Number of protein chains: 2
Amino acid sequence: MTNGTGDEIAETLGLLLRRSTREQLHAQLTEGLGEAVDQLTYPVLSGLARTGSCSAADLGREIGLDRTTVTRRADRLQQAGLLHRTPDPADARATLLALTAAGEETVRATRRRLAARIETSLSAWPEADARDFSRLLRRFVEEGPFADAPSH
Amino acid sequence: MTNGTGDEIAETLGLLLRRSTREQLHAQLTEGLGEAVDQLTYPVLSGLARTGSCSAADLGREIGLDRTTVTRRADRLQQAGLLHRTPDPADARATLLALTAAGEETVRATRRRLAARIETSLSAWPEADARDFSRLLRRFVEEGPFADAPSH
DNA sequence: GCGAAAGCGTGCCTCGCGCACGCTAATCTG
DNA sequence: CAGATTAGCGTGCGCGAGGCACGCTTTCGC
């Protein structure tokens with residue numbers, strides 16, 4: 001293994017993290033999508049899009065938040081019409097959270113904006129490089145040091 | 001340009017972001033380095049390592065925090081002996097923040113742990129892939145959609 | 001020189017978060 | 001089948017972090 005590759009990637013990842021968590025970026029990606037969508041509520045929206053209809057507790061486990069925090073954020077999204085609650089038909093205690101059509105469209109629009117932005121930047125790259133990067137990044141995330149099940 | 005590359009990278013980046021901001025990861029990387037180093041104070045420590053000795057206002061601009069927030073976090077780090085304040089010899093109003101030897105060692109130790117973790121994961125990769133990934137990731141961060149000066 | 005501006009630290013207010021509580025419903029047990 | 005335990009939900013409450021405004025000192029422009 002080449003010494004220094006880990007250092008280089010660590011430094012670059014740090015830079016990426018700093019850049020991508022900028023408030024300005026989030027504001028651009030969600031501009032015009034309503035007051036309710038911000039850095040706090042979007043993870044709930046996005047997580048729910050990923051998991052599909054589920055309980056607040058499950059969603060909290062998925063995105064690493066306390067159950068009550070999810071409830072409060074979901075309140076805001078529900079009020080904005082992006083999310084709705086339905087009693088779980090299989091369990092009368094449980095309440096299922098699910099996106100409304102407007103909520104799904106919000107998530108789609110945001111992801112579309114991000115993808116377009118990435119695609120624009122990559123248009124200057126040789127196509128082979130873009131494909132390689134996509135493939136290697138995917139592998140890094142799936143199997144790499146941040147994978148769900150630590151390999152060691 | 002291949003359609004879908006932007007989508008794929010966007011999704012993978014989202015996954016990476018979720019994984020890498022997990023509290024558990026940060027706890028592992030800073031374990032045993034003292035109570036004062038946490039998710040709040042580390043950006044100050046790390047930012048100061050990058051910029052070198054500078055004022056609280058400058059550091060705030062660098063890492064995207066309010067001046068007063070930097071001051072408060074710096075207080076904790078100073079109390080732990082990781083950072084010290086010196087009056088700016090060139091400007092009697094200003095106070096320069098700088099890492100102590102212990103502070104620099106803390107940053108080094110953390111980065112070393114992250115680099116080692118990455119290197120371990122990459123040891124299973126063909127060396128050419130690892131080098132390609134490092135290079136492409138660097139280019140993506142430097143010139144990509146999150147670069148400092150937007151290209152469009 | 002003198003007013004405007006910059007830099008710093010601190011008091012106050014606001015807001016988000018997690019814990020604890022009370023409630024309802026499902027599940028377990030004898 | 002009835003009582004007890006557990007799981008799920010929403011909400012009141014205390015705590016901690018962040019931003020604004022203020023007062024102070026020093027520097028800069030005219």
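Chain letters run A, B, ... following the sequence lines, proteins first and then strands; every chain starts at 1. Nothing here was measured: the structure is a model prediction, and the numbers come from that model. Computed from heavy atoms alone, side chains included, the values below leave out hydrogens, waters and symmetry copies.
The structure places CD of A/Glu104 at 11.0 Å from CG of A/Leu83, a figure rounded to the nearest 0.5 Å.
The CD atom of B/Glu35 sits 13 Å away from the P atom of D/dG16 (whole-angstrom rounding). In this structure, B/Asp91 atom CG and C/dC8 atom P are separated by 8 Å, rounded to whole Å. Between the CD atom of A/Gln39 and the P atom of C/dC15 there is a distance of 17 Å, rounded to whole Å.
Interface remark: the A/Arg67 side chain does form a donor-acceptor pair with the D/dG10 base, using a distance-only criterion of under 3.5 Å. For D/dA7, its base sits under 3.5 Å from the side chain of A/Arg93 at one donor and acceptor pair at least.
In this structure, B/Glu8 and A/Arg135 have side chains that are not in contact, with every pair of non-hydrogen atoms separated by 4.5 Å or more. Within the 4.5 Å cutoff, the side chain of A/Asp38 has heavy atoms near those of the A/Thr41 side chain. When side chains are defined from C-beta on, A/Leu97 does not count as touching A/Val44, because their heavy atoms never get closer than 4.5 Å. By the 4.5 Å heavy-atom criterion applied to side chains, B/Leu122 and B/Glu119 are not counted as neighbours. The shortest distance between side-chain heavy atoms of A/Arg111 and B/Glu11 falls below 4.5 Å. Taking 4.5 Å as the limit, every side-chain heavy atom of B/Thr120 sits out of range of all side-chain heavy atoms of B/Arg117.
Between A/Ala90 and A/Asp38, the one whose closest nucleotide on DNA chain C sits nearer the 5' end is A/Asp38. Both A/Leu40 and A/Ala92 lie near DNA chain C, and the one whose nearest nucleotide falls closer to the 5' end is A/Leu40. Both A/Leu96 and A/Arg72 sit near DNA chain D, but only A/Leu96 has its closest nucleotide nearer the 5' end.
As judged by a 4.0 angstrom heavy-atom cut-off over every strand, B/Thr95 is placed among residues touching the sugar-phosphate backbone only. Among the protein residues, B/Thr69 comes within range of the sugar-phosphate backbone only, with heavy atoms under 4.0 Å from sugar or phosphate atoms but none that close to a base. At a threshold of 4.0 angstrom between heavy atoms, the contacts of A/Asp88 with the nucleic acid are absent.
Less than 4.0 Å separates DNA chain C from at least one heavy atom of each of the following residues of residues 43-66 of chain B: B/Ser55, B/Ala56, B/Ala57.
For the OP1/OP2 pair of D/dG10 and a distance below 4.0 Å, the side-chain nitrogens and oxygens of A/Thr71 include at least one atom meeting the criterion.
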